[in-house]
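Since the structure comes first, as structure tokens, the remarks are kept for the end.
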Amino acid sequence: MSPAARLAVADPRDRLIVALDLPSLRAAEDVVSKLGDTVSFYKIGYELGFAGGLGFARELIGEGKKVFIDFKLHDIGNTVARGVASVAGMGASFLTVHAYPQTMRAAMEGKGASPLRILAVTVLTSYDEADLAEAGYAAGVDETVRRRVEQARETGIDGIVCAPTDAAMVRGVLGPKRAIVTPGVRPAGSAAGDQKRIATPAAAIRAGADHLVVGRPIIASPDPAAAARAVQAEIAAALAAA
Ligand SMILES: O=c1ccn([C@@H]2O[C@H](COP(=O)(O)O)[C@@H](O)[C@H]2O)c(=O)[nH]1
């Protein structure tokens, strides 16, 4: 299967998801206001989520934006299923869980008939071989990602979060109908920070990613809207060439 096989996305802006990793509602409102209509999809994780960000997520949804809740759930099945049901009730579009079979099954049960899509996180993009070994895993990154995607596929999961460097392999295992979402995306010349398995927006798209998550290269830019437009232009060019 060609790695370029990917889901149709009605609004091309939805290919870019901006991570609102910011310490306060005021900071998030400022970035969202600077991004305006350029960005249609936002990700809310621990930092903003624990600083009032869930109410802000509801506001964004009310204004017609899409929201990805990135809390990477992992708990006993009952707790995961009930937590997922609450997120489904918010009207969020994406929610992450860790790619453990029991957790993924519980999440898929918890979302019920809602349009919320459950994404399974395989191996964090800040991990390399040494980090996995330090955490006690005998298998390396490729083998661990592959195994988790196989298990995720068996649970009927809606999509996968993986590094852009894993996306072609993941697409081959997952098939064309489920979403691949890649953080660890860095426009040429931008700092990697703590990310270890990274690629440019064009390379991520060529590898088969459907949605790209970009945080610091946009939210820390002096002109976030220009930075977002540059990523969107790179995505569009890569899609046109695929
Ligand atoms: O494997 C993963 C899973 C999630 N993330 C999240 O994506 C963004 C990336 O932000 P950058 O500033 O562009 O590095 C961040 O919110 C992470 O929590 C990830 O990076 N890797």
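Every number for a ligand or one of its atoms is a count from 1 in the order of the listing. These values consider heavy atoms only, across backbone and side chains, with no hydrogens, waters or symmetry-generated copies.
The shortest distance between side-chain heavy atoms of V170 and T122 does not fall below 4.5 Å. No side-chain heavy atom of I17 sits under 4.5 Å from any side-chain heavy atom of L212.
The protein non-hydrogen atom at the shortest distance from atom 17 (C) of ligand 1 is K43 NZ, 4.0 Å. With hydrogens left out, the protein atom closest to atom 20 (O) of ligand 1 is Q195 NE2, 2.7 Å, a heavy atom. What sits closest to atom 1 (O) of ligand 1 on the protein, heavy atoms only, is T125 N, 2.9 Å.
A cation-pi arrangement is not found for R117 relative to F68, the charged atom failing to lie both closer than 6.0 Å to the ring centre and inside a 45° cone about the ring normal.
Side-chain atoms of D70 and T96 include a donor-acceptor pair closer than 3.5 Å. A donor-acceptor contact closer than 3.5 angstrom links the side chains of T125 and Q195.
Under the side chain to side chain contact (heavy atoms under 4.5 Å, CB included) test applied with T103, the options T79, V97, V84, I118 reduce to a single match, V97. Of the listed residues (D128, D131, D166, D142), just one forms a salt bridge (charged side-chain N to carboxylate O under 4.0 Å, His left out) with R197, and that residue is D166.
Near R216, the atoms of ligand 1 lying under 4.0 angstrom from a non-hydrogen atom of the residue are 11 (P), 12 (O), 13 (O), 14 (O). With ligand atoms numbered from 1 in the order given, ligand 1 contributes 2 (C), 3 (C), 4 (C), 5 (N), 7 (O), 19 (C), 20 (O), 21 (N) to contacts under 4.0 Å with heavy atoms of P183. Remark: ligand 1 atoms within the under-4.0 Å shell around heavy atoms of D70 are 4 (C), 6 (C), 18 (O). Counting atoms of ligand 1 from 1 in the listed order, those under 4.0 Å from a heavy atom of L124 are 1 (O), 2 (C), 3 (C). Each of the following atoms of ligand 1 lies closer than 4.0 Å to a heavy atom of K72: 3 (C), 4 (C), 18 (O). Remark: ligand 1 atoms within the under-4.0 Å shell around heavy atoms of V213 are 7 (O), 8 (C). Those atoms of ligand 1 with a heavy atom of R186 less than 4.0 angstrom away are 11 (P), 12 (O), 13 (O), 14 (O).
For D21, every heavy-atom contact with ligand 1 shorter than 4.0 Å involves the side chain, none the backbone.
When all heavy atoms of L22 and A27 are compared, the closest pair comes out as CD1-O, 3.9 Å.
At under 3.5 Å, not a single nitrogen or oxygen of G184, backbone or side chain, sits near a nitrogen or oxygen of ligand 1.
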